[in-house]
Colleague: 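Before I ask anything, here is the structure I am working with.
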Amino acid sequence: MVNTKDDAVNKKDIIYLLEKIAIYLELQGENPFKISAYRKAAQALETDPRSLSEIDDWSTIKGIGKGTQSVITDFLESGTSETLRQLQEEVPEGLIQLLDIQGLGGKKLARLYQELGIENKADLKLACENHKVAELKGFGKKSEEKILTGLLSLNEQPDRLPFDAVRGVRRSIETALANMAFVERFSIAGSMRRMRETVKDLDFIISTSAPNKVKEQLIKLDHVKDVIASGETKVSVVIEDQFDVSVDFRMVADEAFATTLHHFTGSKDHNVMLRQLAKSRGEKISEYGVENLATGETKTFKSEEDFFNHFDLYFIPPEVREAKGEFEHSSTFNRLVTLSDIKGDLHMHTTWSDGAQSIEEMARFAEAKGYEYIAITDHSKFLRVANGLNEKRLREQRQEIERVQNHFPNLKILAGVEMDILPDGSLDFDNAFLQELDYVIGAIHSSFNQTEEEIMTRLFTAMENPYIKHIAHPTGRIIGKRKGYHVNMEKLIKKAKETHTILELNANPKRFDLSSEWLKVCQEHGVKVTINTDAHSKDTLDFMAEGVGVARRGWLLKDTVVNTWPLAELEAYWKKKQE
DNA sequence: GCCGTTTTCGGCCCGACTGTTTTCAGTCG
């Protein structure tokens with residue numbers, strides 16, 4: 001491919017531009033509907049499946065009109081945006097990060113700028129310390145204190161926390177709620193329920209007929225550092241953990257549980273679309289139910305499913321509620337992969353390399369999960385730090401696997417390896433040896449800083465190898481910590497298709513690699529995916545549930561996920577590589 | 001700024017909580 005205009009400016013750049021303009025307008029105290037028009041335009045682009053070059057008439061996209069179209073054309077033609085440039089002239093750059101302070105929005109910031117000349121953190125801090133802020137109309141002593149503390153904690157932790165960093169807090173809260181008096185039902189909600197890989201906070205919905213009694217218990221939960229709000233229906237606290245985690249609890253009567261759960265699961269954009277739909281039918285959705293505007297009657301629902309059915313929609317799973325076409329496709333979601341579809345786990349470690357359990361133990365736990373097959377895939381010799389296995393030890397391990405196999409008539413244990421793809425592009429074992437193994441994974445664990453070309457050469461070598469069934473954690477990223485190596489995903493997916501190589505969704509919550517976005521692209525290109533836990537201990541075999549959640553977020557149908565297939569079918573697919 | 005076979009003007013999703021007010025604006029999700 002030669003360089004086209006698409007390479008210079010991509011769709012994401014335009015989306016980012018529109019969102020940035022919205023932020024600046026917010027700081028100018030602009031009409032909120034104008035601001036949201038820019039956000040909607042960005043959203044519309046995000047949802048439109050076409051690439052940049054395939055769109056010729058922008059204004060036919062719903063949400064993009066004359067104004068946003070001219071901003072886009074200007075940007076495409078000149079590479080910059082006059083609209084944004086002007087805004088940047090009028091609004092100081094330093095104000096933007098101040099929007100992250102709790103309780104400070106565009107309007108208040110605009111006034112701080114206009115009336116006190118505040119342009120950045122330092123200005124704001126000084127103004128608070130000199131009590132200038134409290135003197136402003138609409139502000140007061142408490143606002144000033146809040147701004148000051150918000151200011152101090154601004155850089156202490158990232159805006160969004162990695163999924164894995166809040167898993168523990170979620171668990172302990174769920175345990176507490178399960179044992180809490182006056183709690184009838186509860187559920188996680190918010191972006192955690194939607195399986196986003198980073199979250200801003202945790203949301204829980206609780207049904208109770210004694211909200212005050214529950215409230216008293218909530219603010220006394222373990223490790224509560226701060227109580228942000230505690231009203232009749234809403235309690236917000238900050239839990240002290242590895243990071244400070246904000247947790248919102250919503251308490252409702254049981255009949256409103258389903259609608260409240262839906263409401264606080266979001267996404268916000270999904271909710272807006274559904275509310276618009278309701279409105280066009282003469283109804284109004286709130287967390288308390290669906291009101292018929294003609295009769296004033298409010299209908300509640302036993303389940304979210306009933307709620308969707310009321311609008312003549314099939315159930316839309318939480319993972320796909322992102323206003324990215326889920327309403328149009330609601331009839332296909334009953335075919336999304338589920339945990340009960342999973343028949344095996346094709347990536348796990350034992351004490352032979354860096355795992356905590358023996359082969360026999362792993363087999364026992366896998367059998368308890370009802371699996372039909374697993375692959376034991378310890379590291380290969382290159383990975384010394386993980387006690388990687390050489391040819392000799394792998395042959396010994398096969399004997400042990402065969403011994404264990406005799407005790408598990410209903411579970412096929414494949415003798416495999418997670419083989420390193422070496423920095424020079426060669427593989428850790430030759431083909432003569434690889435053909436002795438039942439299952440070979442290709443993986444990169446070294447030289448992360450190589451150029452895209454070097455990385456792609458390594459990956460392509462592995463994919464062209466007839467014995468390598470799948471590529472483990474294809475990008476090598478650790479969410480919130482490490483970007484991963486320089487993979488060109490489009491090329492990787494194309495190559496996977498050509499070579500019948502399966503790509504992994506590594507279900508370790510630190511990784512979720514591939515991401516749901518790329519999984520979707522895989523499926524669109526007919527590339528098969530395997531969801532594996534990469535378990536290093538018995539408990540981490542449970543990552544499968546979260547992996548399936550990420551797969552669902554990527555709209556993966558059961559058929560795309562090869563470890564939902566019976567073993568015979570899987571073996572037939574592997575043969576394609578050797579043809 | 002966007003949209004429209006009820007509308008080219010007047011709407012635009014809805015409600016809780018807080019702080020500053022004394023009936024409400026701003027923020028948040």
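Chain naming here is simple, since letters A, B, ... match the order of the sequence lines and numbering starts at 1 in each. Every value quoted in this text rests on a predicted model; they were computed, and no experiment measured them.
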Colleague: Could you please name the option among B:dG15, B:dG19, B:dT18 that lies closest to any side-chain atom of A:Ser286?
Modeller: B:dG15

Colleague: May I ask you to check whether A:Asp534 and A:Asn508 show a side-chain donor-acceptor distance below 3.5 Å?
Modeller: no

Colleague: Quote, to the nearest angstrom, the P distance that separates B:dG11 from B:dA16.
Modeller: 23 Å

Colleague: Within a reach of under 6.0 Å around CZ of A:Arg85, are more than 12 heavy atoms found that belong to other residues, nucleotides or ligands?
Modeller: yes

Colleague: Could you tell me how far B:dG15 sits from B:dG10 if I compare only their P atoms? Round to whole Å.
Modeller: 24 Å

Colleague: For A:Lys279 and B:dT7, give me the distance from atom NZ to atom P, rounded to whole Å.
Modeller: 17 Å

Colleague: Looking only at atom P, what distance separates B:dT22 and B:dC17, rounded to whole Å?
Modeller: 22 Å

Colleague: Just call it for A:Asn31: base, sugar-phosphate, or nothing, with non-hydrogen atoms closer than 4.0 Å on any strand.
Modeller: base

Colleague: Is any NZ, NE, NH1 or NH2 atom of the basic residue among A:Asp203 and A:Arg250 found under 4.0 Å from an Asp or Glu carboxylate oxygen of the other?
Modeller: no

Colleague: Using atom C1' in both nucleotides, what's the gap between B:dC12 and B:dT7 to the nearest angstrom?
Modeller: 13 Å

Colleague: Between B:dC14 and A:Tyr288, is there an OP1 or OP2 to side-chain N/O distance shorter than 4.0 Å?
Modeller: no

Colleague: Looking only at atom C1', what distance separates B:dT8 and B:dG4, rounded to whole Å?
Modeller: 8 Å

Colleague: With heavy-atom distances below 4.5 Å as the criterion, would you say the side chains of A:Ile479 and A:Arg511 are in contact?
Modeller: no

Colleague: Touch check for A:Phe33, heavy atoms < 4.0 angstrom, all strands: base, sugar-phosphate only, or nothing?
Modeller: base

Colleague: Do A:Thr265 and A:Arg193 pair up side chain to side chain, a donor and an acceptor below 3.5 Å, judged on atom types alone?
Modeller: yes

Colleague: Work out how far the P atom of B:dC2 is from that of B:dT6, and round it to whole angstrom.
Modeller: 23 Å

Colleague: How close do A:Thr68 and A:Ala41 get, counting heavy atoms only, and between which atoms?
Modeller: CG2-CB, 3.8 Å

Colleague: Syn if the chi torsion is within 90° of 0, anti otherwise; quick check, which is B:dT7?
Modeller: syn

Colleague: Roughly how many Å apart are B:dG26 and B:dT20, using the P atom of each and rounding to a whole number?
Modeller: 14 Å

Colleague: Rounded to the nearest Å, what distance is computed from the CG atom of residue A:Leu45 to the P atom of nucleotide B:dC2?
Modeller: 12 Å

Colleague: Think A:Thr233 has a side-chain N or O under 4.0 angstrom from the OP1 or OP2 of B:dG15?
Modeller: no

Colleague: Among the nucleotides B:dT20, B:dC17, B:dC14, which one has an atom lying closest to any side-chain atom of A:Lys142?
Modeller: B:dT20

Colleague: Taking protein heavy atoms under 4.0 Å as touching, what does nucleotides 22-29 of chain B look like 5' to 3' if B marks base contact, S marks sugar-phosphate-only contact and - marks none?
Modeller: ----SSSB

Colleague: Using a strict 4.0 Å threshold on nitrogen-to-oxygen distance, state whether A:Arg553 and A:Glu322 make a salt bridge.
Modeller: yes

Colleague: Is any side-chain heavy atom of A:Glu297 closer than 4.5 Å to one of A:Glu291?
Modeller: no

Colleague: Among B:dC14, B:dC17, B:dT20, which nucleotide has an atom closest to any side-chain atom of A:Lys284?
Modeller: B:dC14

Colleague: What distance, rounded to whole Å, do you find between the two C1' atoms, one in B:dG29 and one in B:dT23?
Modeller: 24 Å

Colleague: Sequence neighbours excluded, which residues qualify as side chain to side chain donor-acceptor pair (under 3.5 Å) partners of A:Glu546?
Modeller: A:Arg167

Colleague: Roughly, in whole Å, what's the span from NZ in A:Lys62 to C1' in B:dG4?
Modeller: 10 Å

Colleague: Residues of residues 65-72 of chain A with any non-hydrogen atom less than 4.0 angstrom from an atom of DNA chain B: list those, numerically ordered, please.
Modeller: A:Gly65, A:Lys66, A:Gly67, A:Thr68

Colleague: Looking for any heavy atom pair under 4.0 Å, which part of the strands does A:Ser36 touch: base, sugar-phosphate only, or nothing?
Modeller: nothing

Colleague: With side chains defined as the heavy atoms from C-beta onward, is the minimum distance between A:Glu283 and A:Phe311 less than 4.5 Å?
Modeller: yes

Colleague: Looking at every heavy atom in both A:His263 and A:Asn271, which two are closest together, and how far apart are they?
Modeller: O-ND2, 2.8 Å

Colleague: Heavy atoms only, 4.0 Å cut-off, all strands: where does A:Ile285 land among base, sugar-phosphate and nothing?
Modeller: sugar-phosphate

Colleague: Take the protein atom CD1 of A:Ile228 and the nucleotide atom P of B:dT18, then report the distance between them rounded to whole Å.
Modeller: 10 Å

